[in-house]
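Written out below as structure tokens is the structure these notes cover.
Proteins get letters first, then strands, A, B, ... in listed order; numbering begins at 1 in each. Just so you know, these numbers use all the heavy atoms, side chains as well, and skip hydrogens, waters and symmetry mates.
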2 protein chains.
Amino acid sequence: MRPNPTLKKLGFAPTDRVAIIHADDIGMCQAGLAAFADLIDFGLVSSGAVMVPCPWSLAAAAYCRAHPQADVGVHLTLTSEWETYRWGPISTRDPSSGLLDGEGCFYRTSEDVQAHADPAAVAVELRAQLDRALAAGIDVTHIDTHMGAVAHPKFIMGYVQLAMERRLPPMLPRLDEAGWRALNLDAETAAFAAQLTAQLEDQGLPLLDQITMLPLDQPNDRIALAKRAFDSLPAGLTHFIIHPAADTPELRAITPDAPSRIADYRAFTSPELRDYVRSVGIKVIGYRMLRDLMRGQ
Amino acid sequence: MRPNPTLKKLGFAPTDRVAIIHADDIGMCQAGLAAFADLIDFGLVSSGAVMVPCPWSLAAAAYCRAHPQADVGVHLTLTSEWETYRWGPISTRDPSSGLLDGEGCFYRTSEDVQAHADPAAVAVELRAQLDRALAAGIDVTHIDTHMGAVAHPKFIMGYVQLAMERRLPPMLPRLDEAGWRALNLDAETAAFAAQLTAQLEDQGLPLLDQITMLPLDQPNDRIALAKRAFDSLPAGLTHFIIHPAADTPELRAITPDAPSRIADYRAFTSPELRDYVRSVGIKVIGYRMLRDLMRGQ
């Protein structure tokens, strides 16, 4: 692969390790939003994304209106994964959309929504989520995908079109055919994905060299785990995902992975980790500069 | 008014003071559901009702499945009153329903939903909420109305029909024309309401002599406040409303009346208040015996 042209335009060297440190699932619950506010104040996390169909999304929008410098995108959501704390589409309650499970919520898994949903209904829903975030006053800096649900031949074009139309960087890696095959795409789909992303990049869409995430089943020694993850970053632009949340009864009632979420919150508000990231020379940026680049600003 | 025939059928004397001590807003948030579980264990609260469109309703249903003796109804919901923690209808996202405000949620006030909503859409939504509660495994003992939104000539018949069809006691007072006028109904509507409720009672619908509620703006000395409220109960059947919730960051982020909700939780898990209610001879019942009476069981 040639070096990432987006990083070159932003003045980075091909050997630079550039990371967007990204808080997922903002607006999913109160505990996540409370943590995000602290993390943005602290300054190590550089971006995050809101789940518009979730109960705390309007509170997240109120936070964004009060903190317009915060770098916040839309975490486009087509799944509702927890046992009893659940949500559904904002654009429809029509069962023929294929977006609803037997409880009237999104399916729990990406595989299920990919198997059942009508691509046209998905495109309408994605657009509705972005429009509602904008209407609520969020200065949306990017779009990404909850649980990778749009990463499927049925839905991916709707996601890419939304990014192009609205001039918003999508969370999307720039991979060659071998890279896409390594993500379990079959040969034909991998060839198509490699061609598509190369064309999109030529059209000025900022793309990522890597996407990585701290695991949700290893709450112990989280600072050490994060340090190792930063140590292993290759050169190029990495979307680095964490799932921070405050330790509250709400969070613990929602999800068995609460301990890892609480650990993310603590690690990414620790001076030790912030100093470490600086000391190893990782350059932390947000999505806003990618968006501004895409918009010629 | 003649004495309440429902109480007579249940073996109470006309002078008995009978109360359904009712926890509202179950499933609205985690803090309310956690409190309800403790309150049912404690035994002073005798009933509660779930807000089906709210984020914690499926968790409430899981609680009900695990505690089938708990007396739980459906708190039929057409409003979403808080600033940023909000919800909407489960049956539609169609703006022509008149159920949605500019944020895509229910209106914040009963007046707004009464002014804008299509009565047919309301009837569908009420039925959908009840059906979803039943499908989720709640042994629904009654129906009532969040913020009194159905208490309007446009919607009241849908509510009463649902109660009659499903053989469920509704939260509905048995008042004469003067009683209805005292609730601010105009002369014509009051006459209609008095006639309607008398007919419904003749058809075997259990009705209430009084509905009362502890205020949400007086968190201090809550046990004393509750004692005075019980002291002032007249003879007959009273639906006695509280809004209990645990003291959590979630609750405090949702509502400015968190202190009164927390105070309800503490008062109604206090041996002092439980002993007092017993000592003054108030007979506490749930809705299940009214439902069973209505069903001839």
Select one option (side chain, backbone, both, neither) describing which atoms of [X] are under 4.5 Å from chain B's heavy atoms.
| X | result |
| --- | --- |
| A:Cys29 | neither |
| A:Ile254 | both |
| A:Ala135 | neither |

Fill in the blank from the handout: Applying a strict 4.5 Å limit to non-hydrogen atoms, the region of B:Ala59 in contact with chain A is both
Problem - Part of B:Cys54 within contact of chain A (heavy atom distance under 4.5 Å) - result: neither
Exercise for the section: Can you sort out the partners of B:Ala60 under side chain to side chain contact (heavy atoms under 4.5 Å, CB included), two or more places apart, ordered by chain and number? Expected result: B:Ile26, B:Leu33, B:Val50
Between chain A and chain B, identify every pair of one donor and one acceptor N or O atom lying under 3.5 Å apart.
{"unit_1": "A:Glu103", "atom_1": "O", "unit_2": "B:Arg132", "atom_2": "NH1", "d": "3.4"}

